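Encoded as structure tokens, the structure appears first; notes follow it.
Predicted model, so just to flag it, every value in this text is computed and none were measured.
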Amino acid sequence: MREVDELLNVDDPAWPLLLQELSGTDVPVEVLPGDAEAGRASLLQLQVSARSNLGGIVSNSGGLLVDSGWLRIFGSPGAAHAERLPGLAEINVMPSTFDPAWRPAAGLVVAQDVLGGVFALNGGSPREAGRPGESGEILYFAPDSLGWEALGAGHSAWLSWILSGGLQEFYAGLRWEGWRSEVSVLNGRQGLSFFPPLWSTEARQDLLATRRRTVPMAELLRLSRDSCLQFDGADPGFLGVP
């Protein structure tokens, strides 16, 4: 086990480079202020260093709101910003004090989107957890297919893909005219529920014919899990706890 100062005080921290990348992207990104003590605690619990983008975000920010809040990447917010976006520790139910035995069950939830989609960093034994991809690969739980998809990239490459505009194609067919203004008024604990749901034939054929309403993200994730269990009995596993 490495101590927090060893994880934090590195010669080549990722955060300054990530800030440069953020300043050069055309993708709207809001960086929320972070809480230093919460960041240190999460860094220690995760045992990742500030050399990684994951460690940099957790130790230096309250999280990132991408594309007017369509995508929420979790960090370590202070109390004043926790309502806008929960922290990585809260989402992953990390212990309140350091526990060397704690590990994310199947993978670490690093981001969620307004549709109820979940991005997770694969754990050490994805096959045992019933998930695709390799250890350390980013997965996406898709609310329009109710399943996990391996994205073929680690955390840093995934983040660079987002900042290069990858979300536009990724969500093609799932965005509507005026989505940005509708999404921008939500906080990171809220999502949009569709009826008929995104996985339905009706929604796939005509998204504009669906009705949308704002719901707590916890409700949206619970609906997805219940739908998975109802249709084929396959539990998608942990999707984060907002």
Side-chain angles (χ1 to χ4, degrees), residues 25-32 62-75 77 81-88 90-92 109-120 138-149 151 158 161-163 165-232 234-242:
T25 180
D26 292 329
V27 178
V29 180
E30 181 182 358
V31 181
L32 296 182
L64 311 179
L65 297 175
V66 183
D67 264 353
S68 303
W70 179 282
L71 178 66
R72 300 90 179 253
I73 300 177
F74 303 115
H81 295 279
E83 185 57 35
R84 290 193 67 195
L85 186 66
L88 188 77
E90 179 184 351
I91 287 291
N92 289 280
V109 174
V110 295
Q112 293 169 344
D113 62 41
V114 72
L115 306 178
V118 179
F119 292 90
I138 292 285
L139 305 182
Y140 179 65
F141 177 80
D144 58 334
S145 65
L146 297 178
W148 289 99
E149 305 168 358
L151 300 188
W158 166 75
W161 166 76
I162 289 170
L163 297 180
L167 295 184
Q168 183 173 353
E169 181 179 354
F170 188 75
Y171 290 109
L174 291 172
R175 287 176 168 178
W176 57 96
E177 186 176 352
W179 67 265
R180 192 178 295 278
S181 60
E182 189 173 339
V183 167
S184 64
V185 299
L186 305 181
N187 65 48
R189 297 177 182 273
Q190 297 173 315
L192 291 175
S193 177
F194 289 73
F195 186 81
L198 290 175
W199 46 260
S200 68
T201 301
E202 294 88 344
R204 289 172 178 270
Q205 290 176 344
D206 188 0
L207 184 67
L208 296 180
T210 62
R211 299 193 302 274
R212 299 180 297 278
R213 64 185 180 96
T214 300
V215 298
M217 184 61 73
E219 178 181 330
L220 196 55
L221 298 177
R222 185 170 59 252
L223 286 171
S224 288
R225 183 172 182 269
D226 289 347
S227 296
C228 288
L229 293 172
Q230 178 182 350
F231 290 137
D232 57 15
D235 190 341
F238 185 70
L239 300 175
V241 181

Original post:
Under 30°, 30 to 60°, or over 60°: which ring-plane class applies to W176 and W70, parallel, tilted or perpendicular?
Top reply: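 Geometry flag for W70 against W176: tilted rings.
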
**OP:** Indicate the ring-plane relationship of F170 and Y140, choosing parallel, tilted or perpendicular according to the 30° and 60° boundaries.
**Re:**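 Judged by the thresholds at 30° and 60°, the geometry between F170 and Y140 is perpendicular.
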
For [X] and [Y], work out which heavy atoms get closest and say how close.
X	Y	result
P86	I91	CG-CD1, 3.8 Å
G116	F141	O-CD2, 4.2 Å
F194	T210	CD2-OG1, 3.4 Å
C228	A234	CB-O, 3.3 Å
L151	W158	CD1-CD1, 4.1 Å
L146	S227	CD1-CB, 3.8 Å

Solution key, residues 235-242 side-chain donor-acceptor pairs under 3.5 Å, sequence neighbours excluded:
{"unit_1": "D235", "atom_1": "OD1", "unit_2": "R225", "atom_2": "NE", "d": "3.1"}
{"unit_1": "D235", "atom_1": "OD1", "unit_2": "G237", "atom_2": "N", "d": "2.8"}
{"unit_1": "D235", "atom_1": "OD2", "unit_2": "R225", "atom_2": "NH2", "d": "2.7"}

Original post:
Does atom CD of Q168 have more than 12 heavy-atom neighbours from other groups under 6.0 Å away?
Top reply: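 No - once you tally the heavy atoms of other residues, nucleotides and ligands closer than 6.0 Å, there are 12 at most.
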
Original post:
Counting only heavy atoms not in D26, do more than 12 sit closer than 6.0 Å to its CG atom?
Top reply: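 No.
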
**OP:** Could you tell me whether the side chain of L115 reaches within less than 4.5 Å of the side chain of D144, counting heavy atoms only?
**Re:**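 SC-SC contact between D144 and L115 ruled out.
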
Original post:
Do D226 and Q230 have side-chain heavy atoms sitting under 4.5 Å apart?
Top reply: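 In short, these two side chains do not touch, never coming nearer than 4.5 Å.
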
Original post:
Within the side chain of T25, is there an N or O that forms a donor-acceptor pair under 3.5 Å with the backbone of L163?
Top reply: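 Between the backbone of L163 and the side chain of T25 there is a qualifying donor-acceptor contact (under 3.5 Å).
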
Original post:
Are the side chain of R189 and the backbone of A218 linked by a donor-acceptor contact shorter than 3.5 Å?
Top reply: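 Pair absent, no side-chain N/O of R189 close to backbone of A218.
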
Between [atom1] on residue [X] and [atom2] on residue [Y], distance to nearest 0.5 Å:
X	Y	atom1	atom2	value
L220	R213	CG	CZ	9.5 Å
L186	T214	CG	OG1	4.5 Å
R212	L207	CZ	CG	7.0 Å

Subject >> Identified side-chain contact (heavy atoms from CB on, under 4.5 Å) partner of N187 from the options R72, M217, H81, E83 >> reply: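 It is E83, the one option of R72, M217, H81, E83 that forms the side-chain contact (heavy atoms from CB on, under 4.5 Å) with N187.
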
**OP:** Applying side-chain contact (heavy atoms from CB on, under 4.5 Å) between I73 and each of I162, L65, L88, report the one that passes.
**Re:**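 Output: one option passes, namely I162.
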
**OP:** Kindly indicate, with the supporting measurements, whether the criterion side chain to side chain contact (heavy atoms under 4.5 Å, CB included) is fulfilled by D67 and R175.
**Re:** CA-CA 12 Å; D67 264 353; R175 287 176 168 178; 3.0 Å; yes

**OP:** Examine the side chains of Y171 and D113 and answer whether a donor and an acceptor come within less than 3.5 Å of each other.
**Re:**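 Judged by distance alone, the side chains do pair up.
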
Original post:
Does anything in residues 197-208 pair up under salt bridge (charged side-chain N to carboxylate O under 4.0 Å, His left out), and if so which pairs, sequence neighbours excluded?
Top reply: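 Passing the test, one end in residues 197-208: no pairs.
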
Subject >> Residue list, side chain to side chain donor-acceptor pair (under 3.5 Å) with E30, at least two apart or on another chain >> reply: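 Checked E30 against side chain to side chain donor-acceptor pair (under 3.5 Å); matches are R84.
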
